[in-house]
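A short write-up of the structure that comes next.
Throughout, numbering of the chain's residues begins at 1 and tracks the sequence. In each ligand, atom 1 is the first atom listed, and ligand 1 is the first ligand listed.
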Amino acid sequence: MTHPELVIESSPGLQGVATLSGAKNAVLVIMASLILTGGKNTLYNVPFSHDVLQMIALLESLGAHIKMSRETKTLFIDTSSILSCAVSADIMKKMRASILVMGPLLARFNKAAIALPGGCRLGDRPIDMHLHAFAQMGAEIALEGHYLYAQAKKLHARKFILAYPSVGATENIMMAATLVDGKTTIVNAAIEPEVLDLIAVLKKMGADISLFPAGVIEIVGVKELHPVSHTIIMDRLEAGTLLLAAAVTGGQIALPEGPGHSLEVFLEKLVEMGHIVDVGFDGIGIYFKATQSPRAVSFKTMPYPGFPTDLQAPMMVAQCLADGTSTITETVFENRMLHVQELQKMGAHIQLNGLVAQVKGVDMLFGATLIAPDIRASAALLIAGLAAQGTSTLTGIHHLLRGYNDLSGSLRNLGARITMKTELI
Ligand code: EPZ
């Protein structure tokens with residue numbers, strides 16, 4: 001069995017222009033939403049990360065016919081041939097986004113049989129809000145072993161007041177409601193850019209969806225939805241990760257496609273650190289120059305437009321090498337500090353108290369043998385290796401491959417010293 005690992009050398013300040021891939025957290029839910037159309041759909045700017053390949057396998061297991069072109073980053077997804085509503089455990093356990101087929105299956109077929117989803121170990125990551133909402137819409141849901149069986153004679157429209165603006169629950173309720181008679185309302189809905197990209201796709205399909213201020217979404221059911229073509233938005237999280245790689249190595253990079261308009265709180269924190277950040281006039285394009293004496297900043301992760309939880313780990317690396325002490329509070333996931341112990345191996349001074357990390361900046365991190373515990377932590381450890389003195393090795397890189405199209409390649413193009421080593425074990 002091969003055991004791939006990355007060898008990461010201390011790298012000079014990253015320099016150059018980087019392109020971005022389509023957003024993972026948009027493309028996965030949009031692929032699931034195509035179940036609603038029962039026709040031939042085309043997606044452009046698709047990132048061919050492992051999670052996308054997994055979602056392709058899931059849709060094919062339902063009967064969809066899919067063709068992909070890596071060179072043109074295009075997916076052709078024909079869902080007219082979907083006959084099954086059952087997703088096996090070995091597919092479901094590989095990623096959290098698998099749960100997002102439940103809403104479309106219930107809407108189109110009034111039933112779904114799926115195994116409990118898997119994904120990053122960020123806590124127990126319940127799906128209670130999803131299931132409770134489907135039950136409130138009239139679905140009968142039974143858990144038998146690892147399988148959830150849901151079916152409904154007819155789903156009903158209703159008003160949901162979410163206790164927490166869950167991204168997945170907002171997406172699943174919205175997709176389920178598109179074909180349900182009447183008006184479904186979601187109060188305290190998630191409004192992440194990836195959710196808005198899903199809304200754009202559903203409206204292209206013919207769904208009647210309105211987004212109001214302060215996170216209220218209204219969906220009025222229609223009789224049917226038709227196939228679409230859509231270009232996936234750029235990945236703001238990949239953009240943030242590349243910027244932080246430039247920050248920790250003292251570099252200067254340009255992201256001409258960078259979605260500056262959907263990273264404002266994060267970019268403001270980089271400016272607070274003393275880095276130079278310019279954004280294009282329409283919010284597109286991010287131009288970055290690192291300061292050589294970064295100041296530590298504190299932050300708390302929040303639902304959009306707050307500081308994104310998916311940039312917490314990479315941003316922590318920048319605080320490890322900044323002047324001063326940073327207080328980092330994770331409020332979204334109850335177990336998203338697994339990267340702390342790995343950074344401590346590199347000489348980082350981090351005191352962790354539950355979900356609050358006190359990071360005292362040091363002059364230098366040192367190369368170490370690192371184990372990636374989840375997608376965003378793997379990116380954080382990768383960029384930490386670039387800034388560290390000496391050489392690091394990073395295993396568990398399947399997380400990196402799950403979440404990014406080719407982050408290592410993008411970094412190498414900017415001067416990062418990263419090589420892949422495959423050990424036979
Ligand atoms: C989506 O996860 C993203 N994943 C996550 O990205 C992202 O971090 C997260 O939204 C927040 O922005 C995809 O889009 C595929 P949530 P999701 O429902 O939908 C709790 C990455 O690295 N909760 O907003 O799972 C949950 O446990 C991944 O790209 C319930 O308690 O996020 C968490 O603590 C990681 N019950 C909080 O809400 C539920 O039924 C936020 O979860 C649902 C969620």
salt_bridge(Glu330, Arg336) N-O dist < 4.0 Å: no
Applying a heavy-atom cut-off of 4.0 Å, say which part of [X] lies close to ligand 1: side chain, backbone, both or neither.
X: Asp128; value: both
X: Tyr164; value: side chain
X: His130; value: both

Regarding [X] and [Y], is there a side-chain donor-to-acceptor distance under 3.5 Å anywhere?
X: Asp51; Y: Ser49; value: no
X: Thr395; Y: Glu5; value: no
X: His156; Y: Gln136; value: no
X: Thr37; Y: His226; value: no
X: Thr74; Y: Ser69; value: no

*asked:* Yes or no: does Pro126 have any heavy atom under 4.0 Å from an atom of ligand 1?
replied: yes
* Asked: Is it true that Arg402 lies under 4.0 Å from ligand 1, counting heavy atoms only?
  -> no
Residue pair Asp208, Lys203: steps toward the salt bridge (Lys or Arg N to Asp or Glu O under 4.0 Å) verdict: CA-CA 6 Å; Asp208 180 349; Lys203 291 174 87 162; over 6 Å; no
May I ask you to list the atoms of ligand 1 that are less than 4.0 angstrom from any heavy atom of [X]?
X: Val332; result: 33 (C), 34 (O), 37 (C), 41 (C)
X: Gly168; result: 18 (O), 19 (O)
X: Lys24; result: 21 (C), 29 (O)
X: Arg336; result: 8 (O), 22 (O), 35 (C)

Handout entry: Sub-3.5 Å N/O-N/O distance, Met129 and ligand 1
Key = yes
*Decide whether an N or O pair under 3.5 Å exists between Val167 and ligand 1.*
yes
In terms of heavy-atom contacts, Ile375 and Gly403 come closest through CG2-CA, 3.7 Å
